[in-house]
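Throughout, protein chains are lettered first and strands after them, A, B, ... in sequence-line order, and every chain is numbered starting at 1.
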Amino acid sequence: MYRYLIRRLLWIVPVVLLISIITFVMMKLTPGGPFDTTAGGRELPKEIVEVLNRRYHLDEPNWKQYLIYMGLWPNTKEGEGKPCFLGIAGPRRCAGILQGDLGPSYQYKGRGVTEILFETPKGRPWWESRFGRTAQLGVFGFLFGALTGIPLGIVSALRHNTWADYLSLFGATIFVATPGFVLAIFLMIVFGLWLHWLPIAAKNWNTIQPWLLPTFALGVGLAAFTARLTRATMLEVLRQDYIRTARAKGLRDRLVMVRHALRNAMIPVATVLGPALAGLITGSFFIEHMFSFPGMGRLYVQAIAARDYSVILGTTLLYTFMIALANLTVDLIYAWLDPRISYS
Amino acid sequence: MAQQTTATAGSIKRATAVAPAEPLVSLRSAKPRSLWTDAWYRLTRNKMAVVGMVIVVFFWLVALLAPALAPYHFNSQNHSAVYRPPAWTSGDWRYILGTDGVGRDELSRLIWGARISMVVGLVPVSIHLLVGGLVGLIAGYRGGRTDNLLMRVVDIFYAFPGLLLIIIMSAAFRDTWLGRQMGGLLLMFTALAIVGWEGAARLVRGQVLSIKQKEYIEAARTIGASNFRIMVRHILPNILAPLLVSIAFGIPGAIFAEAGLSFIGLGIRPPTASWGNMIQDGFASIYSNPVLIVAPATCVGLVLLAFTFLGDGLRDALDPRMKQ
């Protein structure tokens with residue numbers, strides 16, 4: 001078990017490394033540099049572009065730029081020469097991924113990507129950073145999805161072929177197919193424009209109202225999906241012999257449901273919840289963009305438009321890492337839920 | 001009398017699966033049916049699936065007949081009729097759904113946009129099946145070291161966050177030669193094709209592993225069939241059913257990706273009309289003229305819903321054991 005855990009953790013390293021290389025190469029293939037034009041669209045003077053390129057090491061050969069970015073090569077001219085490892089090589093200073101520094105942002109002059117992603121307003125808790133906001137939205141959407149989807153699926157299965165079952169199945173089929181951002185459009189028009197109940201583009205995200213629509217739009221697909229899956233697995237489990245045995249020996253219905261049926265039905269559900277959490281975290285770009293949400297996804301979309309390579313790279317890596325962790329967590333939960341599975 | 005016999009045969013045809021105790025004589029009068037006829041029969045009895053099929057066929061027709069159906073070209077602009085409201089409010093019937101910010105007819109753009117959405121799923125999903133299918137078939141059939149090597153590659157791709165890769169590719173190649181072809185459609189095909197084939201590979205490999213053990217494969221081998229013949233004639237037809245279901249679920253994924261990418265400004269390049277970039281355009285006027293965003297969003301939602309109905313129906317029809 002521990003060996004499996006370590007192997008899985010190590011597996012994250014090549015994946016993150018590979019995606020960093022792919023992202024880096026692609027960003028280099030993109031025609032046009034980040035300093036081609038100003039924010040207003042004017043051409044910058046050649047001399048200024050040169051100075052900026054030197055400042056951000058864009059005049060170095062590509063392989064060196066990558067090593068600097070990864071924190072394997074000194075980022076100052078003085079430290080030039082030998083590579084450094086983990087930033088511990090004496091006076092030579094490395095500042096890259098390995099040191100937790102995602103590099104400077106080209107778009108927001110003088111600010112680092114790490115700072116942009118993790119900085120919070122003075123004296124505020126960590127979850128008010130861009131990363132924290134996105135994580136918060138992902139967790140809310142996930143909780144909403146799981147906590148409505150699973151009970152609905154159970155009710156559906158227990159009331160098989162009744163109107164309650166048909167209704168929730170029909171609703172689930174509709175919501176499983178509708179993408180979040182399409183749903184968001186309708187939500188914004190109905191609740192924002194017609195009913196004026198909820199704000200559409202909120203400035204203050206410390207109250208509950210602005211969270212309701214994005215959470216619903218993000219989580220309802222998961223709710224529908226888990227409802228369908230829970231219903232299917234519950235029906236499957238309820239037909240098994242051990243359920244009949246449990247009933248035959250006179251156990252109360254409740255106990256049979258909770259202890260025998262539910263626990264077994266949850267195994268396949270648990271396996272999809274992990275990738276689903278990962279999907280919610282990365283899938284929130286569209287929703288964040290729509291609701292002017294102060295999170296990582298909107299930053300990412302803006303960075304792509306502004307060709308802010310370091311923000312794109314850093315955010316991608318952070319996303320990849322989070323997805324890998326989510327997948328690992330689910331594998332562990334899977335093993336814990338189903339003792340028949342052993343990893344070796 | 002003759003009529004009565006056919007009627008009985010017809011009803012028995014339907015009842016054979018549940019009533020094996022029927023007399024053999026009337027069974028013989030029923031034509032033998034293949035798995036596919038059976039599946040088609042079950043599919044057309046499924047109301048949701050039929051609704052899905054009708055919607056998909058409808059949008060396919062709209063896409064094919066776009067030049068004839070659309071009242072205007074998707075990029076014909078009328079600068080004296082900007083942001084016209086739809087006909088049923090205060091607009092007029094020349095522009096049934098109104099016009100957008102540069103005076104283009106919304107309905108015409110919607111009709112032309114159907115072409116993008118209906119075609120965007122086909123090419124990538126075909127490539128997924130071709131590449132993933134081939135990799136899965138070879139890995140599953142050969143086994144051993146080949147299997148190990150191929151599946152490690154698949155694992156790496158599987159660990160990649162697909163949507164991120166699509167976004168990065170779309171962003172990086174947007175202003176290159178590739179990104180300008182066919183209004184960005186070619187780049188979209190490429191990005192979608194690279195991500196997602198590993199799912200098909202895993203599916204096919206799993207299927208092949210289980211079918212490989214069957215007696216009829218052994219029988220084919222004993223009469224001297226070549227590996228190629230066994231793969232193509234004996235294994236492939238038997239794994240088609242789950243592949244078909246995976247197509248039905250893969251296409252809406254691609255339609256969703258197109259709409260999402262175009263919505264954040266990365267997909268189909270304007271002025272080409274696609275539902276995704278119409279949503280993006282309409283977002284600017286969501287308060288003043290919501291029909292501009294509601295119309296394409298409804299179309300996207302409807303098509304995705306139709307494919308989901310169809311996919312569910314196909315799955316139930318092709319594998320009755322899975323039906324709940």
Side-chain angles (χ1 to χ4, degrees), chain A residues 11-12 14-15 18-19 22-23 25-32 157 160 170 173-174 176-186 188-189 192-194 200 228 231-233 235-236 278-279 281-283 285-286 289-290 297 300-301 303-305 307 312-313 315-316 319-320 322-324 327, chain B residues 48 52 155-165 167-179 252-253 255-257 259-261 263-266 275-276 279-280 282-283 286-288 290-291 293-294 296-309 311-312 322-324:
Chain A
W11 188 232
I12 294 178
V15 168
L18 207 63
I19 201 133
I22 289 178
T23 318
V25 169
M26 279 191 197
M27 289 304 129
K28 286 293 150 193
L29 288 174
T30 313
H160 189 36
F170 184 71
T173 309
I174 288 192
V176 89
T178 317
F181 73 99
V182 169
L183 193 66
I185 293 167
F186 291 107
M188 284 168 87
I189 287 177
L193 193 64
W194 291 352
I200 285 169
R228 274 160 59 115
R231 177 180 178 273
T233 51
L235 287 176
E236 179 82 43
I281 294 168
T282 50
F285 310 111
F286 306 130
H289 184 60
M290 201 131 236
Y300 192 61
V301 173
I304 286 171
R307 292 211 196 93
I312 300 172
L313 260 166
T315 320
T316 309
Y319 272 132
T320 313
M322 281 159 74
I323 291 171
N327 286 337
Chain B
M48 302 282 252
D155 276 348
I156 291 175
F157 271 86
Y158 195 75
F160 269 23
L163 191 63
L164 284 181
L165 206 61
I167 288 183
I168 292 168
M169 279 194 63
S170 309
F173 297 114
R174 191 163 168 70
D175 293 319
T176 60
W177 175 85
L178 183 69
I255 295 176
F256 163 72
L261 284 187
F263 170 59
I264 59 174
L266 281 179
W275 293 343
I279 292 178
Q280 188 201 11
F283 192 51
I286 185 168
Y287 302 124
S288 54
V291 72
I293 193 167
V294 169
T298 310
C299 286
V300 172
L302 211 57
V303 167
L304 293 185
L305 203 60
F307 273 108
T308 308
F309 284 169
D312 281 354
M322 276 169 73
K323 191 175 163 70
Q324 297 297 332

Response to the item:
Closest heavy-atom pair, A:Ala184 versus A:Met290, reported as atoms and distance to 0.1 Å, is CB-SD, 3.9 Å
Practice prompt. Give, as side chain, backbone, both or neither, the part of B:Met169 having an atom under 4.5 angstrom from any heavy atom of chain A.
Written response: both
Fill in: Top of A:Thr178, A:Ile312, A:Leu18 for chain B proximity - count of heavy-atom pairs under 4.5 angstrom
A:Leu18
Worksheet item: If you measure from OG1 on A:Thr173 to CG on B:Leu305, what distance do you get to the nearest 0.5 Å?
Response: 8.0 Å
Response to the item:
If one checks every heavy atom of A:Ile22 against chain B at 4.5 Å, the contacting part turns out to be side chain
Worksheet item: In terms of heavy-atom proximity below 4.5 Å to chain A, should B:Phe283 be classed as side chain, backbone, both, or neither?
Response: side chain
Response to the item:
Shortest non-hydrogen pair, B:Pro290 vs A:Ile189, comes out as CB-CD1, 3.7 Å
Fill in: Option in B:Thr308, B:Val300, B:Ile264 with maximal non-hydrogen atom pairs under 4.5 Å from chain A
B:Ile264
Fill in: Side chain to side chain, A:Val176 and A:Arg228, heavy atoms closer than 4.5 Å
yes
Response to the item:
Most heavy-atom pairs under 4.5 Å with chain A, out of B:Ile286, B:Ile168, B:Leu266, belong to B:Ile168
Fill in: Atom pair CG (B:Asp312) and CE (B:Met48), whose distance is rounded to the nearest 0.5 Å
7.5 Å
Worksheet entry | side-chain contact (heavy atoms from CB on, under 4.5 Å) between B:Phe307 and B:Phe256, intermediate numbers included | CA-CA 11 Å; B:Phe307 273 108; B:Phe256 163 72; over 6 Å; no
Fill in: Contact origin within B:Thr298 toward chain A - heavy atom pairs under 4.5 Å
both
Worksheet entry | Partner chain A: residue of B:Ile279, B:Ile167, B:Leu261, B:Leu302 with the largest heavy-atom pair count (under 4.5 Å) | B:Ile167
Item to complete: Against chain A, label B:Ala306 side chain, backbone, both or neither, depending on which of its atoms sit under 4.5 Å from a heavy atom there.
Response: neither
Discussion item. Give me the atom names and distance for the closest heavy-atom approach of B:Leu304 to A:Pro179.
Written reply: CD1-CD, 3.3 Å
